[in-house]
Amino acid sequence: AAPILLKDYQPTPYLIEKVDLDFRLNPTHTTVRSKLTVRRREGAAATAAIELDGDDLKLDGVCVDDIPLAEEEYTATPDRLMIPAPAAERFELTIDTSLDPSKNTQLMGLYVSSGTFCTQCEAEGFRRITYFYDRPDVLAPYTTRMTANKKAYPVLLGNGNLVESGDVTGTDEHYAVWHDPHPKPSYLFALVAGNLAHISTDYTTSSGSPVKLNIYVEHGNETRADWAMDSLVRSMRWDEQVFGREYDLDVFNVVAISDFNMGAMENKGLNIFNDKYILADPDTASDADYAGIESVVAHEYFHNWTGNRITCRDWFQLCLKEGLTVFRDQEFSADERSRPVKRIADVQRLKAAQFPEDGGPLAHPVRPEQYKEINNFYTATIYEKGAELVRMIKTLLGERGFRKGMDLYFERHDGEAATIEDFIKSFEDATGTDLRHFMLWYSQAGTPTVTAEATYDAQAQTLTLTLSQETRPTPNQPQKKPLVIPIRFGLVAANGKDVGYSKVEGATVNADVLLLNEAQQTVVFHGISEKPVPSLLREFSAPVNLRSNLSLDDQLFLMGRDSDPFNRWQAAQTVATRLLISRSRGENLPQEASFIDALGEIAADTCLDTAFRALALQLPSEADLAREIGENVDPDAIGRAHEDLRAAIGQRLYGYLRDLYVELAPKDSRFDPGASAAGVRALRNRLLGYLAASGEAEGHGLVKAHFDSANNMTDRLSALVLLDHLNLPGKTEALAAFEARHKTDHLAMDKWFTVQATCPAPGTLARVKELTNHPAFSWTNPNRVRSVVGAFCAGNQRQFNAPDGSGYDYLAETTLQIDGKNPQLAARILNSFRSWRSLEAGRQEKAKAALKSILDSGQELSTDTKDIAERCL
Ligand code: HT7
Ligand code: ZN
């Protein structure tokens with residue numbers, strides 16, 4: 001199929017002024033009557049056809065102004081409804097369709113999850129319900145009427161406010177009518193009908209409007225929604241305080257669903273969530289889950305303004321809502337928790353997910369210019385790099401300028417479908433800044449590498465920074481231009497303080513932000529009386545790879561002394577990366593002992609946030625190292641180096657870390673999900689990891705004891721990973737105990753699956769295959785598939801990349817198996833092939849053959865899977 005192009009954008013010839021939907025819900029036979037008030041757009045030809053999107057639809061009838069159309073007056077296929085030349089300028093179009101939600105395994109459109117009717121319409125799911133202009137620039141108010149069996153589906157929810165409900169006399173059915181006055185695109189439509197329990201809270205907006213907040217879950221799970229509700233209330237308050245944005249309906253409903261392709265969906269007034277991002281209690285959810293729930297609940301809520309009130313003109317503008325909303329949720333979590341710790345976690349995620357995407361065959365700009373399958377563009381580039389671009393705008397304009405720009409954006413575009421140009425123009429007009437050069441970040445793919453060389457001249461008292469930038473070619477973009485790169489920096493003196501300078505030449509510097517906007521720049525700082533160590537890219541002020549001529553000793557200095565916590569962490573990562581890469585080449589660097597001692601100092605430094613200490617003690621992952629090496633990668637050599645360095649740290653610091661581990665033991669058995677208690681657990685579990693890696697029998701015993709005495713999932717899971725991955729005594733019993741304890745809880749069992757699927761030992765692939773026959777596993781539930789197959793392919797560097805190609809073959813077979821039922825899920829797991837070209841030759845050959853086998857299988861492939869397989873090759 002030909003790709004869809006950004007440059008081909010055209011508005012529709014007709015507008016939809018009003019949408020009235022009537023659903024008669026039945027799991028195998030649901031009927032939908034859609035009444036659309038249609039008006040020809042000013043300037044459109046009177047002869048213009050109305051062409052509506054469909055996907056796998058069964059049409060039961062079409063009327064114009066209540067008069068059925070004769071067959072020759074329209075054409076209809078499952079994918080399209082066309083009325084060649086509607087006679088009137090304004091008319092009412094009634095479309096009847098019927099569906100079988102029970103057979104909807106794609107989880108797009110209307111489907112049934114554990115007996116509950118629910119919808120997923122982004123990006124193009126509404127067309128699986130009825131024919132419509134299923135594109136984000138067609139906005140209308142919606143009224144939704146639902147009728148269903150009252151006993152089976154006592155809860156009926158729609159977008160907006162409830163306007164009417166009651167029993168259908170003489171039947172066992174009841175109905176509800178919901179009205180959403182805010183014009184919205186079809187992708188934000190939703191309904192839910194089911195037998196659900198709920199928790200409620202009353203919220204009052206800052207201007208005094210009352211809002212009822214409800215979270216719907218399966219019966220028995222009510223108390224597990226408390227943290228999500230707490231997070232929702234805090235998000236609503238934060239958006240009022242930080243962005244001046246209030247909620248705008250009488251009710252805000254959230255529903256947790258167990259079969260869901262992504263994390264959650266921001267449907268207007270009716271957010272639908274993967275239950276993984278709602279349900280939490282100490283026994284089944286880890287601290288990472290609590291943090292994830294907080295950020296996803298916030299993210300979906302924040303979409304109410306950035307996505308819903310102002311939506312996207314077309315799907316090329318997806319980052320307009322997603323990048324901005326990720327930025328907003330990151331800021332929220334940073335304010336609620338520790339800002340540096342949150343920044344480190346966000347950068348870890350960016351580097352783990354987006355950098356490899358940007359450096360491989362799936363690279364695309366933050367605003368792509370073409371796509372074949374929009375579902376494949378819900379990527380780390382659109383979300384995470386998109387958020388980094390918003391962050392850079394804030395860095396360039398400062399806090400006040402950024403807020404002024406955001407205010408103007410909300411004021412100008414409320415109720416509209418906007419573009420990136422509209423967004424950028426709001427900042428330009430609000431602050432008088434020219435951001436034309438910055439726009440390149442939206443159109444140019446690839447991660448720039450910034451190289452920095454510092455030389456100090458004691459006599460002249462100058463520090464010269466020679467900076468250059470380069471971005472490698474990416475698909476369809478062989479030539480790259482220099483970008484505007486804000487580099488936050490400090491020049492660190494021996495006492496750890498930043499030195500001042502009298503003047504700077506060669507670059508614009510605003511406060512502590514230097515602008516690199518050419519391919520090469522030489523920047524001279526004058527009046528520097530002692531040789532400083534430059535700390536560059538503080539807070540990770542731009543999404544780039546930084547290479548500098550700082551020695552390992554300089555990096556060790558920054559690791560211990562930099563006033564920017566992010567760069568302290570980054571320096572530790574840089575040193576560890578160099579040590580690990582050297583080890584993977586059979587070489588031990590002399591700085592290893594100093595590095596380990598520096599880790600010990602951070603571990604015990606009570607002036608630092610405990611969560612920060614836990615992060616600083618974490619070595620770069622095997623995947624991080626593979627990315628840093630970049631070519632001819634041997635995952636086994638990396639894995640061995642990683643194991644060896646962990647053992648060396650455990651051995652050198654054993655007694656010290658053990659004492660600290662004991663000292664940090666909780667004083668009582670109460671569980672506190674808050675950030676500071678979670679930080680202590682994170683640090684203690686990190687220490688336990690090194691004690692386990694040391695090879696000391698006592699350390700091994702501590703791991704089993706940690707598992708046995710755990711009163712929360714974080715501790716139990718951390719110990720289980722160590723027992724399983726290091727094959728420690730007690731592993732089998734612990735796996736069995738975990739399974740027995742959690743066998744009826746799907747979300748906890750997902751963790752049990754993932755632990756085993758990510759075990760680096762040989763034999764894991766066979767175990768993965770066995771796990772897919774476990775009673776708790778299901779091929780139709782995306783969370784289950786991700787926890788076994790996804791975890792193995794994306795989270796097990798050594799076994800997925802086994803030199804015999806067995807991991808690649810397994811992914812190819814599995815993709816084909818899933819593709820027929822759920823193409824989105826199949827395409828997503830197939831993404832694990834995205835870095836195959838950076839592997840050593842033998843593995844490359846095997847990966848390429850596996851990818852080819854998908855295209856040559858003879859099976860009819862979805863556009864989703866075909867698109868990823870073709871682009872990977
Ligand atoms: N905006 C939502 C995206 C989403 C989605 C996209 C494709 C298929 C299924 C999906 N479920 C949710 C989620 C978000 O970013 O907030
Ligand atoms: Zn989003």
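Reckoned from all heavy atoms, side chains included, excluding hydrogens, waters and symmetry mates. Note that ligands are numbered from 1 as they come in the structure, with each ligand's atoms numbered from 1 the same way. Remember, predicted model here, so these are calculated numbers, not experimental data.
Side-chain contact annotation: N214 with S200, donor-acceptor N/O pair under 3.5 Å present. Inspection of the H299 and T325 side chains reveals no N or O donor paired with an N or O acceptor under 3.5 Å. For Y378 and R828, the side-chain atoms include no donor-acceptor pair closer than 3.5 Å.
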Would D239 and R328 count as a salt bridge (charged side-chain N to carboxylate O under 4.0 Å, His left out) here? Give the steps. CA-CA 9 Å; D239 213 14; R328 277 153 51 71; 2.7 Å; yes

Going through the distances and angles, do F427 and F438 end up as a ring-ring contact (aromatic ring centres under 6.0 Å, His included)? CA-CA 12 Å; F427 290 104; F438 188 82; 9.4 Å; no

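Backbone and side-chain nitrogen or oxygen atoms of E322 are examined, and one is located within less than 3.5 angstrom of a nitrogen or oxygen of ligand 1. Of the N or O atoms in Y378, none lie within a sub-3.5 Å distance of an N or O in ligand 1.
For the residues P782, G263, A264, the heavy atom positioned nearest atom 13 (C) of ligand 1 is part of A264.
Heavy-atom proximity to E266, at under 4.0 Å, picks out these atoms of ligand 1: 1 (N), 2 (C), 13 (C), 14 (C), 16 (O). Close contacts of ligand 1 with E300, meaning ligand atoms under 4.0 Å from a residue heavy atom, involve 14 (C), 16 (O). The ligand atoms of ligand 1 that sit less than 4.0 angstrom from a heavy atom of K321 are 1 (N). Those atoms of ligand 1 with a heavy atom of Q824 less than 4.0 angstrom away are 7 (C), 8 (C), 9 (C). Residue H299 has at least one heavy-atom neighbour below 4.0 Å for each of these atoms of ligand 1: 14 (C), 15 (O), 16 (O). Within ligand 1, the atoms closer than 4.0 Å to a non-hydrogen atom of H303 are 14 (C), 15 (O), 16 (O), numbered from 1 in the order shown.
Annotation: atom 15 (O) of ligand 1 to nearest protein heavy atom, Y383 OH, 2.5 Å. Scanning all protein heavy atoms for the shortest distance to atom 7 (C) of ligand 1 gives E122 O, 3.4 Å. The nearest heavy-atom contact from the protein to atom 4 (C) of ligand 1 is M262 CE, 3.8 Å.
With the Zn ion (ligand 2) as the vertex, NE2 of H303 and NE2 of H299 span 100° to the nearest 10°.
Each of R309, K268, E266 was evaluated against N304; a single residue qualifies, K268, per the side-chain hydrogen bond (donor to acceptor under 3.5 Å, both in side chains) test. Applying the side-chain contact (heavy atoms from CB on, under 4.5 Å) test between Y216 and each of L270, L157, I278 identifies L157 as the sole match.
For the pair R786 and W779, the cation-pi criterion (under 6.0 Å, within 45° of the ring axis) is not fulfilled.
Inclusion of E322 in the first shell of the Zn ion (ligand 2) is supported: an N, O or S atom falls under 2.8 Å.
Side chains of V785 and L825 form a contact here, defined as non-hydrogen atoms less than 4.5 Å apart.
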